[in-house]
Amino acid sequence: MYKIAKHLAWLSLWRRKSRSIMVILMIALSLSGLLAIQGLYDGMITHMINTTIRSDSGEISLYTKEYRLHKSLAYKLSPVSKIEEKLSKIKEIISHSVRLQQEGLIATAHKSLGANIKGISLEKERDFGNFDTFITQGDYSFGKHKKEALIGATLAKKLHLDIGSRVVFTAQDADAEINAISFRISGIFKTGNPALDEYTVFVSMEKISTFLNLKESATQIALRIQNTEQIKQVQKKLQTMLPELEILRWDELYPLLIQMQEMMQIFNLASYMIVFIVAALGIFGVMLVSVLERLREFSIMLAIGTPYKMVRNQILLEATFLGLIGFMVGALLGWIILLYMSTWGVDLRSFEAGLETFGLNAILIADIQYYYFVQAFFAVFFATLLSVIWPLRILKKIKAIQVIQGKML
Amino acid sequence: MRFTLALKNILKSKGRSLTTLLLSLFTTTLFIVYVAFMDGSHHQIIKSSVEIYTGYAHVNLKGYRDESDYGNLIEDASSIDEILRNDTSIKTYAPRFETYALLSGDEKSVGSMIVGIIPSKEEKLSKLASSLSKGEYLNDNDTNAIYIGIKLAERLKITIGSQIAMVGSSIDYSIAADIFTVKGIFKTGLFDFDAQSAFVNKSYLDSVILSDNKATYFTVDFQNNDHINKVTSALQAKLPSQYEAVGWDSLLSSLVQAMLVDSIFGYISISIFFLVIFFVVMIFSYVNIYTRTREIGLLRALGLTSKDIFIILFIEILLLATVAVSIGAIIGGVIAHHYELQPIVIDGIAEMYKDYGLVSDEVPMHFDLFTITWNALTIFILNLLAIVYPALKINKLTATEAMRYV
Amino acid sequence: MKYLFFLLLFSLTLDANEAQNIIKKLEKNLRGDYMYGTMKMIVTSKRGQRTVKIESWSKGNDKSFIKILYPKKDKGITFLKLDTQMWQYIPKIERTIKIPSSMMLQSWMGSDFTNDDMVKESSFEEDYHTKLLSKRGNFATLELIPKEDAAVVWGKIIIDVDIKNAAPLKETFYDDRMKKVRILTFSKIEKHGSHTIPMIMELKPLDANKKKNSTKVIYEKIDFDTHIDASYFTKHALKRYSR
Amino acid sequence: MKLNHITKTFYPDSPKEVKALTDINLTFNKGEFTTLSGESGSGKTTLLNIIGGLDSATSGQIFLDDEEISAYSEKKMAKLRLQEIGFIFQAYNLIHVLTVRENIGFIMKLLKFEDKEIESRILELASILQIENILEKLPGEISGGQQQRVAVARAVASRPKLILADEPTANLDSKNSERLMDMLRTLNEKEHVTVIFASHDKYVLEQSKRIIVLDDGVVIEDR
């Protein structure tokens with residue numbers, strides 16, 4: 001009997017071809033659009049979170065408790081090897097990066113600006129977050145004698161620096177003596193994180209340690225954790241192991257990112273709701289009319305003894321087919337768009353300044369997640385169900401005999 | 001004849017007309033409200049950023065934007081003051097004197113921006129007074145009282161009543177130094193601003209850095225700040241040629257671009273809404289027209305051409321859409337207007353967006369006749385377009401086919 | 001041929017040595033063990049001209065004490081520089097302030113010199129490779145290229161020297177794209193005790209937005225031969241010698 | 001089939017109360033070819049619908065093979081209609097998305113007849129009803145007479161005990177009416193189906209073996 005209902009539903013659908021195609025197109029096009037936006041938004045946020053984790057925070061960062069407010073070398077992590085030894089006992093930590101940072105002044109012959117100098121190990125940063133991929137000009141190198149530096153793109157632009165340009169960095173060392181050191185620029189990086197791009201110069205750890213007159217010291221140790229689920233657990237473990245330190249997750253360091261993600265999710269959900277409530281209205285229109293104009297036919301079917309269940313199934317199936325085909329076409333189309341956008345990206349270079357305010361690159365790379373399609377499926381499914389409630393009620397109410405006698409038409 | 005027929009069709013089949021009417025009405029209202037909400041929240045963000053400190057427009061010497069030093073001061077502030085005072089398009093304005101100086105507490109010294117302001121005027125122009133977090137805001141008779149950002153206070157390790165020394169340079173480049181007592185601490189939520197600015201009464205600062213009758217710029221609040229380019233260029237025309245009036249959109253250009261990016265995403269979403277609405281209207285038109293197949297067949301049989309039928313259907317949708325969209329626009333407009341005056345309050349949104357400088361939980365809608373007009377027109381045109389396909393489709397049927405249509 | 005080549009090589013090294021010697025002599029002449037002087041600094045900018053009078057004491061390269069005599073408003077303000085650190089005392093607020101690194105590169109008293117210029121022991125001899133570009137009688141032109149490790153912002157400096165008096169005539173500063181940034185000219189060379197030095201020094205920045213600026217320093221008194229009490233080079237001096 | 005004291009009242013206990021049928025007592029035997037006749041509004045269609053279980057009587061009982069079907073639930077009634085009764089209505093009583101072939105086989109399919117049997121039955125009926133050449137067409141593509149013949153085929157296909165036909169000839173011209181009646185007659189004789197009409201068509205009356213005349217809800221003649 002289900003088979004007959006399916007057969008009837010399928011046939012009815014194609015009997016009213018234009019109508020069905022319109023509904024399917026409606027579902028498919030709006031769905032692919034929604035999927036595309038969702039992917040783009042998600043891509044945007046994931047990208048921001050990713051680069052932040054890769055370029056700075058890791059999943060977890062360690063500081064001394066006072067450092068983040070005062071940014072003073074008095075609050076340094078030391079000795080580093082002791083902390084590293086403790087870290088090595090936690091197997092969930094797949095890599096870590098030790099960084100030593102100091103605020104100071106960067107100067108050229110023309111201009112000077114406030115900036116941060118940060119000592120790192122290139123190899124470790126590469127392991128840590130592929131920092132080399134952020135280089136837009138020049139090389140990922142500190143030169144043979146570690147006398148070269150990597151500089152943020154915005155800072156380089158403000159100072160009119162090129163590869164090979166010479167800069168002098170002036171800062172107070174650990175003994176509050178003012179020292180100056182010169183570097184040549186070997187590479188320019190762009191992470192999308194304004195704190196790095198606008199204010200930071202990376203130099204070798206050895207060089208800065210000597211410059212600041214420090215040994216075995218760091219201001220931040222950032223950690224990469226294998227699995228997202230382990231982050232909180234590792235944080236707790238670290239807290240008990242190193243109670244004197246501040247141990248912060250990336251989302252605690254950059255709460256704005258999480259908030260943006262939440263906002264985007266709410267926005268996506270709202271978009272889905274608006275679109276599919278309207279879409280349900282469209283499906284409803286079609287289903288209602290298709291029931292109304294076939295009331296007589298349905299009555300006859302009921303009259304000759306067709307069970308109500310079968311008639312109901314037929315209508316449900318008709319709507320389901322519409323929804324399902326719409327979903328499949330839309331999902332396919334959306335997938336193709338997403339695939340394109342995740343491979344080639346969306347070029348928004350004309351709004352570069354605006355995007356940078358959000359800490360984004362001008363070319364947005366979309367994300368593709370399995371759950372988009374599940375979510376979309378449920379949206380379509382509910383819209384479809386919603387749209388047949390009223391037509392089914394009408395059908396339930398009819399007395400076959402009245403329709404046959406023409407009393408309801 | 002065709003018109004009467006169309007009108008009669010509308011009036012006779014009330015249910016059908018009502019559905020179409022309601023659908024268009026609903027979509028128009030929805031769309032207008034959505035756009036008003038989006039624009040409203042952008043306005044709110046911009047308004048917050050603008051109103052925390054920057055202001056809607058600045059009047060400064062040409063060249064000051066590039067080189068904000070003592071070489072580009074407004075040397076005769078009273079002449080500018082007079083021009084601004086006599087400009088009826090301006091609600092309030094005030095001169096400011098921004099300079100960089102070394103502030104030092106007992107332990108630490110920090111380079112910071114010091115601004116001479118007229119406290120009573122600034123209260124109306126910016127959020128400085130309302131951002132008070134501890135102590136008191138300045139008044140016009142204050143002498144060496146200073147009002148500083150909360151992060152700056154933390155950096156200097158000082159609090160209300162502490163003394164801080166300022167060392168900077170006077171405008172003749174002699175050294176300017178004075179001791180100030182912390183009168184108030186403010187918190188706007190903008191980290192950099194809270195960490196790097198301090199305010200003192202301008203008349204007193206003038207005596208310290210010899211800037212009497214001088215200003216780095218005037219900040220201006222117009223009666224109507226909506227069309228900032230127009231009002232600033234009008235103001236520009238009244239200013240001596242060496243001065244310029246700069247609107248907030250240039251002062252905060254990256255914020256403007258950020259809003260633009262956000263709007264683009266908003267419009268992508270809207271275009272999806274459009275797509276759905278278009279299809280729904282089309283489906284309803286299609287269904288409406290098809291339930292009338294037999295009737296249309298009869299008309300054709302009676303000798304009307306397919307063009308006549310098309311025109312009748314078109315007149316019908318034209319009438320319905322006009323009524324629906326007008327009512328929808330009015331309802332949408334009323335909602336937008338209402339929520340502009342009494343903004344929706346979303347608790348915690350200010351906290352969430354504090355890094356963007358949003359200082360209020362209120363999200364007003366933005367009521368703008370032009371926007372509402374184009375929104376309504378879009379839906380109207382969408383309605384008209386939506387009927388084209390169904391009408392053409394039905395006209396393909398011959399009269400007899402149409403009459404036999406089940 | 002071989003001989004000629006040897007000669008050429010020899011003359012080159014000789015040149016380098018000669019340049020080195022000139023710089024050494026120059027620096028020795030300009031900076032004695034002790035120096036006391038009074039000077040007038042005339043700063044010209046878009047906003048007009050202004051004069052500052054200064055009294056200064058210094059010992060060697062890294063200790064100096066400066067007191068402002070004029071204008072009246074600034075009278076009594078003192079500066080102390082010890083090695084790389086700098087303090088300032090302002091009588092009006094009775095405070096001694098340590099100048100933080102972030103302020104070091106700001107203009108000093110509105111002049112075209114930066115605080116950094118005042119502080120840094122920019123020793124030509126230590127920080128630069130020197131090369132003799134030309135020599136005609138008593139006048140030589142030297143090219144100074146900073147050593148790789150030297151923390152200097154310049155790409156190179158060209159110095160015209162009066163060899164006989166071991167005094168500079170003109171210093172031209174280039175950025176690292178070898179574009180001229182500023183020119184320092186010296187004049188009125190006089191002998192004061194054991195040193196022969198230019199009494200007038202004028203700095204002219206070449207950046208487009210500083211076209212109208214210049215700073216002229218005129219020595220009024222200068223003495224290299226009197227011992228200066230060590231008490232000048234302590235933080236107590238700031239307040240003590242302010243009056 | 002037996003009808004005992006069937007009474008049908010529309011809008012009972014209201015000012016609009018209409019007594020459509022009053023105390024009808026009738027018995028139909030197997031293989032009968034009967035017509036319910038009478039003026040418009042005499043209650044013949046109402047009676048037919050009650051017999052077919054499409055409508056329920058206000059009072060009285062209906063027995064089919066000694067079983068009281070008037071007490072059946074809606075669901076059970078629907079099942080009974082499907083298995084035991086075939087319907088033919090005035091017009092448009094085909095499922096228009098299905099072909100003629102599928103329309104005829106529809107009920108058999110619902111009753112889970114085997115495909116082979118359905119196929120042979122369709123062919124058999126098609127030949128009797130002379131509709132072999134339109135089997136693959138959709139209802140919209142054939143004439144009204146043909147449509148009615150398909151409806152007949154569908155009604156008898158599953159060999160129901162009873163066929164109810166409400167004004168089957170109302171929308172047909174005389175030639176088509178004649179043909180339809182001929183065929184129903186043939187089926188009645190060949191397959192011994194009980195057929196009950198509700199009609200005032202002269203030709204239908206002529207063909208009937210038994211005529212029951214109703215007037216204002218009361219049986220006034222049974223011959």
Side-chain angles (χ1 to χ4, degrees), chain A residues 70-73 102-117 142-149 151 156 158-186 199 201 203-204 206-208 210-213, chain C residues 62 81-87 98-108 112-123 126-128 144-157 171-184 203 205-210 213:
Chain A
H70 298 291
K71 299 267 158 62
S72 157
L73 291 178
Q102 173 68 322
E103 291 176 347
L105 270 175
I106 184 167
T108 67
H110 302 270
K111 216 173 179 178
S112 65
L113 288 171
N116 294 325
I117 195 163
F142 289 145
K144 247 190 206 161
H145 305 287
K146 312 253 179 207
K147 282 176 191 163
E148 290 172 12
I151 191 168
K158 280 191 198 162
L159 290 169
H160 306 288
L161 295 174
D162 289 323
I163 301 303
S165 294
R166 193 185 172 102
V167 290
V168 172
F169 199 91
T170 311
Q172 281 184 324
D173 66 16
D175 308 319
E177 296 274 334
I178 292 172
N179 286 331
I181 187 167
S182 87
F183 291 101
R184 282 195 183 278
I185 300 302
S186 56
Y199 298 109
V201 179
V203 296
S204 85
E206 295 96 306
K207 205 78 185 166
I208 194 164
T210 327
F211 174 64
L212 296 176
N213 200 13
Chain C
D62 34 67
K81 190 203 102 177
L82 294 175
D83 293 322
T84 59
Q85 303 193 50
M86 195 165 167
W87 290 265
K98 186 169 187 242
I99 312 240
S101 56
S102 59
M103 301 285 280
M104 290 301 275
L105 281 140
Q106 288 199 353
S107 143
W108 190 75
D112 296 299
F113 293 105
T114 60
N115 285 324
D116 199 49
D117 283 326
M118 312 302 290
V119 168
K120 207 172 272 166
E121 326 115 82
S122 53
S123 160
E126 274 176 39
D127 289 346
Y128 296 88
L144 274 65
I145 306 275
K147 291 180 181 168
E148 198 48 42
D149 286 336
V152 293
V153 294
W154 313 117
K156 70 170 178 189
I157 305 172
E171 295 177 1
T172 310
F173 295 81
Y174 293 79
D175 69 8
D176 70 345
R177 290 191 192 85
M178 298 308 159
K179 196 181 142 212
K180 282 184 198 173
V181 181
R182 64 184 198 183
I183 296 175
L184 198 55
L203 179 68
L206 298 172
D207 282 356
N209 50 3
K210 289 180 185 161
N213 293 23

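Just so it is clear, the values below take in all heavy atoms, side chains as well, and ignore hydrogens, waters and symmetry mates. All chains are named by letter (A, B, ...) in the order of the sequence lines, taking the proteins before the strands, and each is independently numbered beginning at 1. These numbers come from a predicted model, not from an experiment.
Residues passing the salt bridge (charged side-chain N to carboxylate O under 4.0 Å, His left out) test with C:K156 are C:E143, sequence neighbours excluded. Judged as a side-chain contact (heavy atoms from CB on, under 4.5 Å), and not counting sequence neighbours, the contacts of A:K146 are A:S204, A:E206.
A:T108 contributes atom OG1, which lies 8.5 Å from atom CZ of C:R177 (distance to the nearest 0.5 angstrom). We find the CG-CD1 distance between C:D176 and A:I185 to be 9.5 Å, quoted to the nearest 0.5 Å.
For A:S165, the parts lying near chain C are the backbone and the side chain together; criterion is any non-hydrogen pair under 4.5 Å. Of the two parts of C:K147, only the backbone, made up of N, CA, C and O, holds a non-hydrogen atom closer than 4.5 Å to a non-hydrogen atom of chain A.
The two residues A:A109 and C:V181 make their nearest non-hydrogen contact at O-CG1, 3.6 Å.
Salt-bridge annotation for A:R166 and C:D175: absent, with no side-chain N of the basic residue lying under 4.0 Å from a carboxylate O of the acidic one.
Other residues, nucleotides and ligands place no more than 12 heavy atoms under 6.0 Å from the NZ atom of C:K179.
With A:S182 contributing its side chain and C:V152 its backbone, the two residues share no donor-acceptor pair below 3.5 Å.
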